[in-house]
Amino acid sequence: MVQGKRKSGAPTKRSKSRTKDRTPRTWKQRLQRFTIWGLIACLVMAVLGAAGFFIAYRSIDIPDPNADFLTETTQVYYSDGKGQLGQFAVQKRDSIDYDEMPQYVKDAVVAAENQTFWTDNGLDPKGILRAAFSNAQGNATQGASTITQQYVKILYLTQERTWKRKIKEAILSLKVKNQLKKQEVLEGYLNTIYFGRGAYGIQAAAQAWFAKDAKDLNLKQSAALAAIINNPNRLDPDNGEEATEQLLGRYQYVLDSMEKMDTAPAGEVSQARESLPKFPKIKESAQYGGQRGHALTMVRQELERLGFSDQEINGGGLQVTTTFTRKAMTAAAEGVAEQRPEGFGPKQLHVAVASVEPGTGAVRGFYGGQDYLQSQINWAVAGGQAGSTFKPFALASGIESGFELKDTFDGNSPYELPGGGRPIENQGDNSYGRVNLIKATEDSINTAYIDMTLAMPDGPNQIIATANAMGIPPKEAANPAYGIPTSSPGLEPNTGVALGSQTVSPINMANGYATIANRGVAADAYIIEKVVDRDGVVRYTHKVATHEALPEGISDDVGYALQQVVRSGSGTAALGLDRPAGGKTGTATNGAGEVSSAWFVGYTPQLATAVMYVRGKGNEQLKDWLPSYFGGAYPAETWTAVMTRALEGEEVEELPPAAYVKGEAPTDGHEYVPPPPPPPKKPKKPKETKTPEAPSTPQPPPPPPPTTQVPVPTEPPPTPTFPTGPPTQPTFGNPGNGNNPRVRR
């Protein structure tokens, strides 16, 4: 081998020595090495970040609010996604100069939104990071904390919750802070901020709320508008007493802050804070006429609940598809008009209708009681005392606890409550003897339902729990909330809960009955199917979530009892639908003992509809005012008219028969006992006839009359043969007639 040359790949002694002598690094050395490279990487990223920030800072321009601030109208559609139901906020905006804005407005807005506005640097870095992290995690949307940041956010209407948007907002905030004077920022803010009622900027707001120019606003009006900025829809006093109280609290906070900042004299503040300014009646836009205004109000409230901001709803160019169908909406309006008693206009007599699709909870149609331009109260949402339409929830709960349809209860009137208290009476103080649950439901016998409630373990609470599961919201909104609205005031566990003193909306009542129509499977009521933003991005899609509220057999038994109400009980007016249907009549009395509501709620397999009649403020006397106040009269006739139109062209579907669920009664004394057979009549002796021509032929005696006994059902027969009362029952006239005592519930 030539000296100095080696075979390829052959290790030298030196290389072997190096390999052998190399020792592994300690963890401290590895940590030091990692730290050095980490610092180098951070430095590189910082340089790149600074370069990127510099480029972004140079490329992002401050928009001109008078030229570049644009909004796009939000469109609302029927369930087909094509027919237009309405739209939100064709923008009302009229910019004015800083000097034209009254000082009270400037001071009130600063006191309400950013008390350090005149001295801070316009940015709140901690607030930006806090909001970014919160929004990125899907929590409630957090807004900007300074007026400068709010102004920047207004110029970008998109509510996109991304780091990209937050960085862009931060850069623009910094640029605004560096390039604009405080007066210019406040002027731009007051010319672009949304004040509700479709008004952007202080000039449009002054017109929309007080029918005057901004320059003429006084202290009270300025403070009120500054308070409204916080939540323009929720703080609109037109939305009722609760909204007015919330606005008053915010308004007083603004005034107190102005006094603290020495921008309003203490004497004037003390006098102003006693009450809100007077809000003149502002004529609503014609586009809100009829039921459209009620529908759009419901949609707006639901969009807000889903997390969309007022500014986005009014100017974000959203495409909103609702659950409403033109057919069901028209059916509700025409059905009410057809059956409304002559001479009783909508200002005093409020007729509300709601139709819900079983299995999905989709609200297909409603009628709010009157034209939205006449009154903004939507009675399909506001509701009234439920009366006996609440009994099916009690019936379901009773069967769940172990009772059966054949079990009997005390139907006599009055019913003395154990431990005292006001006795319970049936309508007309009629007594029925021992009655089974079918008879108790068919003729709406109050005393039998009280007897059943008391016979159940913790009956009132059980009934409420069953009603909640079937779609009736609790007294206070649940978490998560459900229902429209999300609460049922007065739904408390008292002995008479089945008789319906609580306030329930027709929408929620229709959804509760839809659970029976769907054989015990419940779904939450809803009105929005899909929301798409102006960039075509789907922001929301409703997913139907169902749950078993009742076992199928129990639901079928409840449904069978409700079918008897229509066939031969207090709701025979619904026979005019000429389809299999179940339903329940109801009237309620207020604290003064006056009849405060009349209802009929019923269903077919395809649709559940509730009809409610109330007067005045919703709890005033119907008896001796309306020609007939029974649920089996006008409400049932209205229901029939609405459902006939809504189901026109739909296939006639059958309802399931009774399952006759077997149970073990929680208490004794309610077993079915057949009545004794009537005593046989003594046969009359046949008269003897004499014929002189021929002897008479002996005739055989007539057979004895058969005895009758009502059989007890064993396994489900197609038609029940339970006794419906004591051995001797009075005979009434046509059960659909208002003069029939059986109709009077």
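FYI, side chains are in, hydrogens and waters are out, and symmetry mates aren't considered; it's all heavy atoms of this structure.
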**Q** Taking ring pair (Phe, Tyr, Trp, His ring centres under 6.0 Å) as the definition, give me every residue that meets it alongside Tyr603, ordered by chain and number, with sequence neighbours left out.
**A**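 Testing Tyr603 for ring pair (Phe, Tyr, Trp, His ring centres under 6.0 Å), a comparison that skips the adjacent residues, returns none.
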**Q** For the residue pair His542 and Tyr526, categorise the inter-ring angle as parallel (less than 30°), tilted (30 to 60°) or perpendicular (more than 60°).
**A**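 His542 and Tyr526: parallel rings.
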**Q** Would you kindly say whether Ser596 and Gln385 are connected by a side-chain donor-acceptor distance under 3.5 Å?
**A**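 A pair is found: one side chain offers a donor N or O, the other an acceptor, under 3.5 Å apart.
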**Q** With the side chain counted from C-beta on, respond yes when Tyr613 and His350 share a heavy-atom pair under 4.5 Å apart, and no when they do not.
**A**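 In short, these two side chains do not touch, never coming nearer than 4.5 Å.
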**Q** Would a line drawn from the ring center of Tyr629 to the ring center of Tyr634 be shorter than 6.0 Å?
**A**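 Tyr629 vs Tyr634: aromatic centres not under 6.0 Å.
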**Q** I'd like to know if the side chain of Asn426 reaches the main chain of Asn446, judged simply by a donor and an acceptor atom lying under 3.5 Å from each other, with no hydrogens or angles considered.
**A**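 Looks like yes, one N/O pair under 3.5 Å.
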**Q** For a 4.5 angstrom cut-off between non-hydrogen side-chain atoms, does Thr325 reach Tyr78?
**A**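 Answer no - side chains too far apart.
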**Q** Is a side-chain donor or acceptor of Ser388 paired with a backbone partner of Ser444 at a separation under 3.5 angstrom?
**A**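 Pair absent, no side-chain N/O of Ser388 close to backbone of Ser444.
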**Q** Answer yes or no: is there a donor N or O on one side and an acceptor on the other, between the side chain of Gln291 and the main chain of Gln370, under 3.5 Å?
**A**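 Side chain of Gln291 to backbone of Gln370, a donor-acceptor pair under 3.5 Å: yes, one is there.
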**Q** Can you check whether Gln621 reaches Val595 side chain to side chain, under 4.5 Å on heavy atoms?
**A**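 Side-chain contact under 4.5 Å: yes.
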**Q** Between the side chains of Lys623 and Glu594, is the shortest nitrogen-to-carboxylate-oxygen separation below 4.0 Å, so that they form an ion pair?
**A**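 No.
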**Q** Heavy-atom distance under 4.5 Å between the side chains of Pro473 and Pro485, does that happen here?
**A**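 Contact flag for Pro473/Pro485 side chains = no.
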**Q** Would you name the heavy atoms of Thr323 and Ile528 that are closest together and state the gap between them?
**A**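 Between these two residues, the closest heavy atoms are CG2-N, 4.0 Å.
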**Q** If you round to the nearest 0.5 Å, how far is CG of Leu550 from CD1 of Ile399?
**A**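 The distance works out to 9.0 Å.
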**Q** Aromatic rings Phe393 and Tyr513: how do their planes relate, parallel, tilted or perpendicular, breaks at 30° and 60°?
**A**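 Perpendicular.
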**Q** Look up atom OG in Ser309 and atom CD in Glu304, then write down how far apart they are to the nearest 0.5 Å.
**A**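 Atom-to-atom, Ser309:OG and Glu304:CD are 9.0 Å apart.
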**Q** Under 3.5 Å, side chain of Asn511 to main-chain N/O of Ala523, donor-acceptor pair present?
**A**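 Yes.
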**Q** We want to know whether Gln84 and Gln75 form a side-chain donor-acceptor pair, criterion being a heavy-atom distance below 3.5 angstrom.
**A**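 Yes, Gln75 and Gln84 have a side-chain donor paired with an acceptor closer than 3.5 Å.
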**Q** Could you grab the distance from atom CG of Asp578 to atom CE of Met643, nearest 0.5 Å is fine?
**A**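 Asp578 atom CG to Met643 atom CE measures 13.0 Å (nearest 0.5 Å).
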**Q** Is it true that Glu302 and Arg305 make a salt bridge, defined as a side-chain N closer than 4.0 Å to a carboxylate O?
**A**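 Salt bridge present between Glu302 and Arg305.
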**Q** Evaluate the ring pair (Phe, Tyr, Trp, His ring centres under 6.0 Å) criterion for residues Phe324 and Phe366: first the C-alpha distance (whole Å), next the side-chain angles of each, then the deciding distance (0.1 Å), finally the verdict.
**A** CA-CA 8 Å; Phe324 305 130; Phe366 75 91; 5.5 Å; yes
**Q** Less than 4.5 Å apart, side chain to side chain, heavy atoms only: is that true for Tyr372 and Ile377?
**A**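 Of all side-chain heavy-atom pairs linking Ile377 with Tyr372, none is under 4.5 Å.
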**Q** Whether Glu242 and Arg234 form a salt bridge (side-chain N of Lys/Arg under 4.0 Å from carboxylate O of Asp/Glu) is what I want to check.
**A**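 A salt bridge is absent here (no side-chain N lies under 4.0 Å from a carboxylate O).
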**Q** Check each of Asp451, Thr495, Leu417 against Ile424 using the side chain to side chain contact (heavy atoms under 4.5 Å, CB included) test, and report the only one that passes.
**A**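 Running side chain to side chain contact (heavy atoms under 4.5 Å, CB included) over Asp451, Thr495, Leu417 with Ile424 returns exactly one hit, Leu417.
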**Q** Are Tyr540 and Phe308, when compared by the centres of their aromatic rings, separated by less than 6.0 Å?
**A**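 No.
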**Q** Among residues two or more places apart or on two chains, list those pairs meeting salt bridge (Lys or Arg N to Asp or Glu O under 4.0 Å) that have a residue in residues 371-388.
**A**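 For residues 371-388, and leaving out neighbouring residues, there are no salt bridge (Lys or Arg N to Asp or Glu O under 4.0 Å) pairs at all.
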**Q** Does a side-chain heavy-atom distance below 4.5 Å link Leu575 with Thr640?
**A**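 With C-beta onward as the side chain, the pair stays apart.
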**Q** May I ask you to decide if Arg579's main-chain N or O and Thr604's side chain share a donor-acceptor pair within less than 3.5 Å?
**A**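 Such a contact is absent between Thr604 side chain and Arg579 backbone.
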**Q** Any Lys/Arg nitrogen of Arg326 or Asp80 sitting under 4.0 Å from an Asp/Glu carboxylate oxygen of the other?
**A**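 The answer is no: the pair does not qualify as a salt bridge.
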**Q** Closest approach of Asp556 and Pro656, non-hydrogen atoms and distance?
**A**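 Scanning both residues, the minimum pair turns out to be OD1-CG, 3.4 Å.
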**Q** Quick check: does any side chain N or O of Thr360 sit under 3.5 Å from a backbone N or O of Ala362, one acting as donor and the other as acceptor?
**A**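 Pair found, side chain donor or acceptor close to backbone of Ala362.
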**Q** Between the side chains of Asn314 and Arg300, does any donor sit under 3.5 Å from an acceptor?
**A**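 Per modelled atom types, Asn314 and Arg300 side chains form a pair under 3.5 Å.
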**Q** Is any side-chain heavy atom of Val601 closer than 4.5 Å to one of Trp639?
**A**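 No; the side chains remain at least 4.5 Å from each other.
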**Q** How close do Ser568 and Glu442 get, heavy atom to heavy atom, and via which atoms?
**A**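 In this case the closest contact between Ser568 and Glu442 is OG-OE2, 2.6 Å.
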**Q** From Thr441 OG1 over to Gln564 CD, what is the distance, rounded to the nearest 0.5 angstrom?
**A**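 Interatomic distance, Thr441 OG1 to Gln564 CD, rounded to 0.5 Å: 10.0 Å.
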**Q** How close do Gly500 and Ala588 get, heavy atom to heavy atom, and via which atoms?
**A**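 Here Gly500 and Ala588 meet closest at O-CB, 4.0 Å.
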**Q** We want to know whether Thr74 and Gln87 form a side-chain donor-acceptor pair, criterion being a heavy-atom distance below 3.5 angstrom.
**A**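 There is no such pair (donor and acceptor under 3.5 Å, judged by atom type) between the side chains of Thr74 and Gln87.
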**Q** Are any non-hydrogen side-chain atoms of Arg197 and Asp238 less than 4.5 angstrom apart?
**A**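 In contact.
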**Q** Residues in ring pair (Phe, Tyr, Trp, His ring centres under 6.0 Å) with Phe344, at least two apart?
**A**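 Here the qualifying residues are Trp625.
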**Q** Thr515 side chain to Met470 main-chain N or O, any donor-acceptor pair under 3.5 Å?
**A**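 Such a contact is found between Thr515 side chain and Met470 backbone.
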**Q** With Ser79, which of Arg364, Glu357, Lys327 fulfils side chain to side chain contact (heavy atoms under 4.5 Å, CB included)?
**A**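 Of the listed residues Arg364, Glu357, Lys327, the side chain to side chain contact (heavy atoms under 4.5 Å, CB included) partner of Ser79 is Arg364.
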**Q** Testing the 3.5 Å rule here: is there a donor-acceptor pair between the side chains of Asp236 and Asn239?
**A**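 Per modelled atom types, Asp236 and Asn239 side chains form no pair under 3.5 Å.
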**Q** For Gln348 and Gly345, indicate whether the former's side chain and the latter's backbone hold a donor-acceptor pair under 3.5 Å.
**A**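 It does not hold such a pair.
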**Q** Is the backbone of Gly293 close enough, under 3.5 Å, to the side chain of Thr297 for a donor and an acceptor to pair up by distance?
**A**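 Looks like yes, one N/O pair under 3.5 Å.
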**Q** Ignoring hydrogens, what is the shortest heavy-atom contact between Trp599 and Ser505? Give both atom names and the distance.
**A**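 Distance-wise, the nearest heavy atoms are CH2-C, 4.3 Å.
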**Q** List the atom of Pro605, the atom of Glu653, and the distance in Å for their closest heavy-atom pair.
**A**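 What the structure gives for the nearest pair is CB-OE1, 3.3 Å.
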